[in-house]
Amino acid sequence: MGVMNQMRDKMSIILGIVIVAFLATIFFSWGMGVDGPRGQKNIIAQVNKTDIPLEQYFQALNQQLSYYRDQLGQDIDEMTRIRIQDQVFENLVQDVLIRQEIKKLKLEATDEEIYFYLENNPPQYIREAEIFHTDGQFDHQKYLDILRDPSNPYGINWVPIEEEIGRILPYEKLSDHISSSVIITENEIRQAYEDDNVKYDIEHLTVLVSRIQDDEVSLDDKELRAYYEKNKSDYKTPETKILQYVSWSKEASAEDTTLAMNEIDEILIRLNEGESFEDLARVFSQDPSASEGGGLGYFGRGQMVKPFEDEAFSAPLNKVIGPVPTQFGYHLIRVEDKKVENGETQIKASHILVKIQAGPNTLDRVAGEARIFTYDAEDQGFERALELYKLKADTTSFGISRESNFYPGLGFMPGLTRWAFNNKNGKITEQPFETENLIVVAQIIDSKPESFQPFDEVRNTIERQLRREKKETMSLVMARELAQQGDDLYKLKDESEKIRFGSEENVTIKNLPVLFRNNPAVNDLLRLAKLNDIVGPVKTAQGYSLIQPRKRSAVDEADFRLKREEIRMRLQKEKENAAIEAYLTALKDKATINDFRENFF
């Protein structure tokens, strides 16, 4: 099948890996060629000597943040923000790698391919345009007649549509290139069917590691030290920094409370003047329900915070009550209906939420206090500044590593971590760092280089690990001996108190007991085993197990023929996605990627 004939089927593969919303930013915002503008101070990353401009990173980031805010209907917490920042960066890097590969393989779209695609697979927004409809449905022949009419009677500008398709097609052609090696064999299809449908009755014995006593395992100091030396990399401690810091809370002030109450008063006045509750909710409410006019739908007791619930369930119909204070702010509530469903009273209500948040004056005051402290700490020393302002510093007593983003009491602050590892002992933050709720000033008070934990510190850990490994070996030896003692696992179940016997009926390979689930070795043993043969031992989380299949259902050949194509298509999709993911991972592994984020965050 030719490239163009496959496009409809392959549309989702590459675009599924590179997030669609993100690609929209790249497609419509990037003016950068593969060899983009220079100037490292404005470069967020470099991928095989291709620059990614800082401006484009922030453009993509802001679009993603806006998208998430719209989806959540509220502000984004710091942890989610960090995840989005990393996701946007990785997607930018990946897209550069993909475009470089497209150029290397000469997969750019030709004019003929673009026009073929436009004729045979018009974008959804074209399919929805009424000028191409007949009796309310997209009419493909009508569309082709308009597309091919040189007089262009509707004055349609086809150029941007063709340009959009020209940007998408190379991604699909790369998808086809990667997926062309994927082959689904008849054996794979049949095995997938049997794994889902053939039912087994099995018996199994497990020699439990947990029932082997510690005193049955001998360990000496020489073994422990040899294990330590062999696995020393497991006990490496990264470079760490120890910080002391002070913080100022962005708590709302009495002035902010007054401003919130004034806003409540304004809403009440406008309600009394005849403005609709729904319109005012859309303007003033700070709850995700604002877009729905404040509507919360029906709810019963126990679904809202108690102060809100108590007032709402006692409110008369269609009368605005409040303000009702809760942990979220002040609420104006209107109950529109009450009903009893399944013996439980439910109400339908709307509300307007006005949060009590730190306003500009409060934030300026707190930021000013932090800045003044910073100036005095730089001038007179951190300890002296603490004395002057009667503040007490907290300390990251166990140190932070380069991967440390979370600070107890502060939250997620990756910027603070990057700053710490770019500076030396004694350095004080030039500008305060901020989280959603705090402003922070910090000082580096100590640094510790990368090292290995001393043997004496990890001796107990090594002893537990080595003891476990020796117990697993004992479990394996005992399981092998049991396999030689007979041909019936049930008769062997009382051979030792270390054994646990079990049996299962009507299980499939896709739905094995938890002990054996997602264990490829068990799957292979069952597929190949003859009935009543003892197979194994196989390693599980609890020890080594023997398995004896007692029954196996026959393959329903008629059902297999019915489901064969569906299974083939599923396997094809899974293999194609896996191939594309592996291909992109290999591109990244081979690439030279310079990450300059620490220069900006």
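E383 and Q443 share no donor-acceptor pair across their side chains, judged by distance under 3.5 Å alone. Inspection of the S253 and T362 side chains reveals an N or O donor paired with an N or O acceptor under 3.5 Å.
Residues satisfying the side-chain hydrogen bond (donor to acceptor under 3.5 Å, both in side chains) test with N437, not counting sequence neighbours, are none. With sequence neighbours excluded, no residue forms a side-chain hydrogen bond (donor to acceptor under 3.5 Å, both in side chains) with Q303. Every side-chain hydrogen bond (donor to acceptor under 3.5 Å, both in side chains) that Y298 has, sequence neighbours left out, goes to D337. Listed by chain and residue number, nothing satisfies the side-chain hydrogen bond (donor to acceptor under 3.5 Å, both in side chains) test with Y228 (two or more places apart in sequence, or in another chain).
Using a 4.5 Å heavy-atom threshold, the side chains of L332 and V354 count as separate. In this structure, F328 and Q286 have side chains that are not in contact, with every pair of non-hydrogen atoms separated by 4.5 Å or more. Counting heavy atoms from C-beta outward, V246 and L386 have side chains that approach closer than 4.5 Å. For the pair Y407/D394, no side-chain contact is recorded, criterion being any heavy-atom separation below 4.5 Å from C-beta on. In this structure, the side chains of M413 and V440 come closer than 4.5 Å at one or more pairs of heavy atoms.
What you find for Y245 and P408 is that their closest heavy atoms are OH-O, 3.5 Å. Here the closest non-hydrogen pair linking S447 and N425 is OG-OD1, 2.5 Å.
In this structure, H351 and H331 have parallel ring planes: the angle between them is below the 30° cut-off, well short of the 60° mark.
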Take S404 and T417 through the side-chain hydrogen bond (donor to acceptor under 3.5 Å, both in side chains) test and state the conclusion after the steps. CA-CA 7 Å; S404 300; T417 300; 5.8 Å; no
Decide yes or no on side-chain hydrogen bond (donor to acceptor under 3.5 Å, both in side chains) for S350 and E336, but give the supporting numbers first. CA-CA 8 Å; S350 301; E336 295 131 13; 2.6 Å; yes
One pair to check against side-chain contact (heavy atoms from CB on, under 4.5 Å): F284 and E266. What are the steps and the verdict? CA-CA 10 Å; F284 288 99; E266 180 185 348; 3.7 Å; yes
Let me check something: any side-chain donor-acceptor pairs from residues 314-322 under 3.5 Å, sequence neighbours excluded? List them with distances.
| from | atom 1 | to | atom 2 | distance (Å) |
| --- | --- | --- | --- | --- |
| S314 | OG | D310 | O | 2.9 |
| S314 | OG | E311 | O | 3.2 |

In a table with atom names and distances, give each donor-acceptor pair under 3.5 Å that connects a side chain of residues 368-381 to protein atoms at least two apart or in another chain.
| from | atom 1 | to | atom 2 | distance (Å) |
| --- | --- | --- | --- | --- |
| E369 | OE2 | R365 | NH1 | 3.3 |
| T374 | OG1 | A370 | O | 2.9 |
| D376 | OD2 | Y389 | OH | 2.3 |

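Within a 6.0 Å sphere centred on NZ of K348, heavy atoms belonging to other residues, nucleotides or ligands number 12 at most.
One distance of note links CD of E273 with CD of E275; it measures 7.0 Å at 0.5 Å rounding. For the atom pair CZ (R468) and CG (D214), the distance works out to 11.5 Å, reported to the nearest 0.5 Å. Atom CG of L466 and atom OH of Y227 lie 6.5 Å apart (nearest 0.5 Å).
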